[in-house]
Amino acid sequence: MAHTLLPFVSSFPSHLLSTQFLISKPHLPQFPPTSDAFHRRFSRLAMSAQSTTATQFDIKQYMIEKAAMVNQALDSAIPDKAVPQSNRLNEAMRYSLMAGGKRVRPALCLAACKIAGGLELWALPAALATEMIHTMSLIHDDLPCMDNDDLRRGKPTCHKAFDEPTAVLAGDALLALAFETASNLSSYPADVSPDRISRAVGELARCIGAEGLAAGQLVDLESTGLSEPVPLDKLEYIHLHKTAALLEAAVVTGAIIGGGSDEQINRLRGYARSIGLLFQVVDDILDLTKSSEELGKTAGKDLASDKTTYPKLIGLDKSREFAEELLGQAKEQLNGFDPESAAPLVYLANYIAYRQK
């Protein structure tokens, strides 16, 4: 499977923007335990990934390994053949899910499981679920009733390659498949208790529902094309919910599956929200400074649709400074964790900050 790796070829200014954002104290629901289960469906894939030491950490190699593992598992998640009536739907799901992508969210999920004391194998079903949900969000975000885009990951968007009804249903089906994958007890080893799985699934649902991604998307749509730019606190709300929420879900579900304490999970939640907002700030910068060919999606779309972005609201230089501040806040949340286990999350934060696509 093809996958894209991004070089670190740019740097943000070293001085920091004074703007702060709020990280609310999270609510982590508890779920009753059920029966134990064990299945080795993903063992061969997980064992194929090579471990990397903190002292000689190679983020490019790490992302290649994780993307290969995740791509193979995703490819097997959607059957090549289904009942004839569903073939077109499966084709559309596969088209978008396997169109490329950096697989940052699954990598974050796996890394968070490890830093919390688990094995990457434990979190693979949850990691796959986050990528399925991410793909669903891209399919729906590109629809004419949303952001109306024609290009995604260097290819025609799902509704352009198929049609609008098929794209809507492909996104719906991927969302259902995500929760089927994440909640299937037989996909996890016996080391992962069912109460952790239930808690992780609840976290995933919360982060993408009316408290998370869906809310952020609605406020984003309502704030587009207004005569005045939205205020900074509203822009932050949009991106903490629309962009950061799924990154938060990836990190927190991995930490829960890994057996992290509530204190560890809260710190990792703070890390995830910092890199989630960082991801969006960098995305706004790239949309303004890169071409469609460089990005693999339509460049300048935010400007054309009169969206409020960080560069529009605070300027390009201040946006870069804010990104640097967010990067520092993310890394600060990792203090106190084992440095070797923390290395992937440290470098993934850099990866997000200095990406060029």
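Hydrogens, waters and symmetry mates are skipped; everything else that's a heavy atom, side chains included, is used. What you are looking at is a predicted structure, and each value in this text was computed from that prediction instead of being measured.
Heavy-atom minimum distance, I257 versus Y188: CD1-CE2, 4.0 Å. Considering every non-hydrogen atom in both M132 and A77, the closest pair reads CE-CB, 3.8 Å. Taking each heavy atom of P311 and L288 in turn, the nearest pair found is CB-CD2, 3.8 Å. Smallest separation of non-hydrogen atoms from L278 and A323: CD1-O, 3.3 Å. Nearest heavy atoms, T243 versus G276: CG2-O, 3.6 Å. Pairing each heavy atom of C207 with each of A249, the nearest pair is CB-CB, 3.6 Å.
Linking Ile, Leu, Val, Met, Phe, Trp and Tyr whenever their side-chain heavy atoms come within less than 4.5 Å leaves L221 and I208 in two separate clusters. L218 and L235 are members of different hydrophobic clusters when ILVMFWY side chains are connected at heavy-atom separations under 4.5 Å. Cluster membership for F337 and Y351, using ILVMFWY side-chain heavy atoms within less than 4.5 angstrom, is shared. Cluster annotation: I115 is connected to M63 through the hydrophobic network of ILVMFWY side chains, with a link wherever side-chain heavy atoms come within less than 4.5 Å. Following chains of ILVMFWY side-chain contacts shorter than 4.5 Å, one cannot reach L138 starting from M146, and the two form parts of different hydrophobic clusters.
Listed for the S341 side chain is no donor-acceptor partner under 3.5 Å among the backbone atoms of D338. Using modelled atom types, no side-chain atom of D142 and backbone atom of T157 make a donor-acceptor pair closer than 3.5 Å. The main-chain N or O of A250 is never found under 3.5 Å from a side-chain atom of R105 such that the two would form a donor-acceptor pair. Remark: side-chain polar atoms of T253 are not paired, donor with acceptor, to backbone N or O of A200 under 3.5 angstrom. Using a distance-only test at 3.5 Å, with no hydrogens or angles considered, a donor-acceptor pair links the side chain of H140 to the main chain of V168. Between the side chain of T289 and the backbone N or O of I285, at least one donor-acceptor pair lies under 3.5 Å. Panel note: side chain Q264, backbone S261; a donor-acceptor pair is recorded below 3.5 Å. Side-chain atoms of R273 never come within 3.5 Å of backbone atoms of L268 as a donor-acceptor pair (strictly under, hydrogens ignored). In this structure, the side chain of D220 does not engage the main chain of G216 through any donor-acceptor pair within 3.5 Å. Between the side chain of R269 and the main chain of V252, no donor-acceptor pair closer than 3.5 Å is present.
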Stepwise side chain to side chain contact (heavy atoms under 4.5 Å, CB included) check, N335 with E332: CA-CA 5 Å; N335 291 340; E332 185 179 355; 3.9 Å; yes
Side chain to side chain contact (heavy atoms under 4.5 Å, CB included) between R94 and N90, intermediate numbers included: CA-CA 6 Å; R94 183 179 296 279; N90 279 272; over 6 Å; no
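D262 has a carboxylate O that lies under 4.0 Å from a charged side-chain N of R199, or vice versa, which qualifies the two as a salt bridge. A salt bridge is absent between E203 and R196; no separation between the charged side-chain nitrogens and carboxylate oxygens falls under 4.0 Å. At a threshold of 4.0 Å, the pair E65-K60 does not count as salt-bridged, since none of the basic side-chain nitrogens sits closer than that to a carboxylate oxygen. A salt bridge links D283 and R355; the closest N-O separation between the charged side-chain nitrogens and carboxylate oxygens is under 4.0 Å. Taking 4.0 Å as the cut-off between side-chain N and carboxylate O, D149 and K160 do not count as a salt-bridged pair.
One finds the CD1 atom of I275 at 11.0 Å from the CG atom of L326 (value rounded to the nearest 0.5 Å). Taken from CG in L345 to OH in Y271, the straight-line distance is 4.5 Å, to the nearest 0.5 Å. Taken to the nearest 0.5 Å, the CD atom of E120 stands 8.0 Å off from the SG atom of C113. Here the straight-line distance linking atom CD1 of I256 with atom CG of D195 works out to 10.5 Å at 0.5 Å rounding. Distance CD/Q217 to CG/D141: 4.5 Å, rounded to 0.5 Å. Annotation: the span from L124 atom CG to T181 atom OG1 amounts to 10.0 Å, rounded to 0.5 Å.
Applying the salt bridge (charged side-chain N to carboxylate O under 4.0 Å, His left out) rule to pairs touching residues 172-187 yields nothing, sequence neighbours excluded. Pairs of residues two or more places apart, or lying in two chains, that qualify as side-chain hydrogen bond (donor to acceptor under 3.5 Å, both in side chains) and include a residue from residues 124-133 are R103-E131, E131-R153.
Under the 30°/60° scheme for interplanar angles, the aromatic rings of F162 and Y95 are found to stand perpendicular.
Between N87 and E91, the side chains place no donor N or O within less than 3.5 Å of an acceptor N or O (distance only, hydrogens not considered). Inspection of the D163 and T166 side chains reveals an N or O donor paired with an N or O acceptor under 3.5 Å.
Taking 4.5 Å as the limit, every side-chain heavy atom of I59 sits out of range of all side-chain heavy atoms of N350. The closest side-chain heavy-atom distance from K66 to P106 is not below 4.5 Å.
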